[in-house]
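The structure appears below as structure tokens.
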Amino acid sequence: MTGQVRTVDGRVAGRRGQATRQKLLDCLGEMLSTSPYRDVKVIDVARKAGTSPATFYQYFPDVEGAVLELAEEMAKEGASLTDLVADRSWAGKSGATTAEDLVEGFLSFWRKHDAILRVVDLGAAEGDKRFYKIRMKILNSVTNSLTDAVKEQQAKGRIDGDLNPGAIAGSLVAMLAAVAAHQKGFQSWGVKQADLRPSLTWLVHLGITGRKPPK
């Protein structure tokens, strides 16, 4: 955590205050992984952190405010997803590796932040612009770089130039996000995690290059 951390009333939190605030966020994150978002109460978070509701309210206006803090931190980490595709080659076996790295990185990110991402998706679906912006910040980190990759493929004549690069990239990222959020559900269809990654890699590579990945 960098920069000054302030309490709800604007005071700068000291080292102990920052540690308490972070512990509250950590405990909230743990609770979101085991309890429905709307069932999480301030008193429960405070009790788990070994402090009081009054202390919680020194740092956050409510549970939603604390969840937004967690989501913002996650979005900052999500910005690194662009490194999976930015300035990467989509030619030959290198392209297959790029597609594979993107799929693995995307699925891993979603697994790591599954609990908070479920809340972000819920808030965005309900029209909360704050959660929507956070969701789009994560997706845009990949979409923008993939759009550039599609444009490059079009310039080389490998993809129909009449297709919209942003539409192709956005569709692929939306697919990845939907699949990543539904990873556990695939088991009910008899699909193993080990089968999911190569299938997604095949689709992403085909979508970007217009070709099946080389074996």
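At least one donor-acceptor pair under 3.5 Å links the side chain of Asp62 to the backbone N or O of Gly65. Judged by distance alone, the side chain of Gln193 and the main-chain N or O of Gln183 form a donor-acceptor pair under 3.5 Å. Without hydrogens or angle criteria, Ser145 side chain to Val142 main chain gives no donor-acceptor distance under 3.5 Å. Judged purely by atom type and a 3.5 angstrom limit, Gln187 has no side-chain atom pairing as donor or acceptor with the backbone of Lys192. Judged purely by atom type and a 3.5 angstrom limit, Asn144 uses its side chain to pair as donor or acceptor with the backbone of Asn140. Judged by distance alone, with hydrogens and angles left aside, the side-chain atoms of Asp195 form no donor-acceptor pair with the main-chain N or O of Val191 at under 3.5 Å. Side-chain atoms of Ser141 do not come within 3.5 Å of backbone N or O of Leu81 as any donor-acceptor pair. Judged by distance alone, with hydrogens and angles left aside, the side-chain atoms of Thr143 form no donor-acceptor pair with the main-chain N or O of Gly170 at under 3.5 Å. Side-chain atoms of Ser80 come within 3.5 Å of backbone N or O of Glu77 as a donor-acceptor pair. At least one donor-acceptor pair closer than 3.5 Å links the side chain of Thr34 to the backbone N or O of Met31.
The shortest side-chain heavy-atom distance between Asp114 and Arg111 does not fall under the 4.5 Å cut-off. Counting only heavy atoms from C-beta outward, the side chains of Gln58 and Thr20 never approach each other to under 4.5 Å. Using a 4.5 Å heavy-atom threshold, the side chains of Phe109 and Leu117 count as touching. In this structure the side chain of Leu32 never reaches within 4.5 angstrom of the side chain of Arg118, judged on heavy atoms. Looking at heavy atoms from C-beta onward, Glu152 lies out of side-chain contact with Asp148 at the 4.5 angstrom threshold. For the pair Trp202/Val103, no side-chain contact is recorded, criterion being any heavy-atom separation below 4.5 Å from C-beta on. Within the 4.5 Å cutoff, side-chain heavy atoms of Thr97 are placed close to those of Asp101. In this structure, the side chains of Phe60 and Leu28 stay at 4.5 Å or more apart for every pair of heavy atoms.
Atoms CD1 and CG, from Ile208 and Leu146 in turn, are 4.5 Å apart once rounded to the nearest 0.5 Å. To the nearest 0.5 Å, atom OG1 of residue Thr201 and atom CG of residue Leu206 are 12.5 Å apart. Atoms CD1 and CG, on Ile116 and Asp121 in that order, are 10.5 Å from each other to the nearest 0.5 Å. Atom CG of Leu68 sits about 5.0 Å away from atom CZ of Arg130, to the nearest 0.5 Å. Between the CG atom in Leu102 and the OG1 atom in Thr82 there is a gap of 10.0 Å [rounded to 0.5 Å]. Atom CD of Gln153 is separated from atom CD1 of Ile168 by 10.0 Å, given to the nearest 0.5 angstrom.
Scanning all heavy atoms of the two residues, the minimum distance from Asp39 to Asp44 falls at O-OD2, 4.4 Å. Between Gly207 and Ile159, the closest heavy-atom pair is O-CD1, 3.9 Å. Residues Ala75 and Ile138 approach most closely at CA-CG1, 4.0 Å, considering heavy atoms. Considering every non-hydrogen atom in both Ala46 and Leu24, the closest pair reads CA-CD2, 4.1 Å. Of all non-hydrogen atoms in Ala99 and Val204, the two that sit nearest each other are CB-CG1, 4.2 Å. Closest approach of Val63 to Lys41, counting heavy atoms only: CG2-C, 4.1 Å.
Using the six-membered ring where Trp is involved, His182 and Phe186 have ring planes that are perpendicular, over 60° apart on the 30 and 60° scheme.
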Q) Can Leu107 and Leu200 be said to form a side-chain contact (heavy atoms from CB on, under 4.5 Å), step by step? A) CA-CA 10 Å; Leu107 294 181; Leu200 277 175; 4.2 Å; yes
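In this structure, Lys23 does not pair ionically with Asp26, as no charged nitrogen and carboxylate oxygen lie closer than 4.0 Å. In this structure, Arg197 does not pair ionically with Glu100, as no charged nitrogen and carboxylate oxygen lie closer than 4.0 Å.
Residue Arg211 places its CZ atom among 12 or fewer non-hydrogen atoms of other residues, nucleotides or ligands, all under 6.0 Å distant.
With hydrophobic clusters built from ILVMFWY side chains whose heavy atoms lie under 4.5 angstrom apart, Ile43 does not share a cluster with Tyr59.
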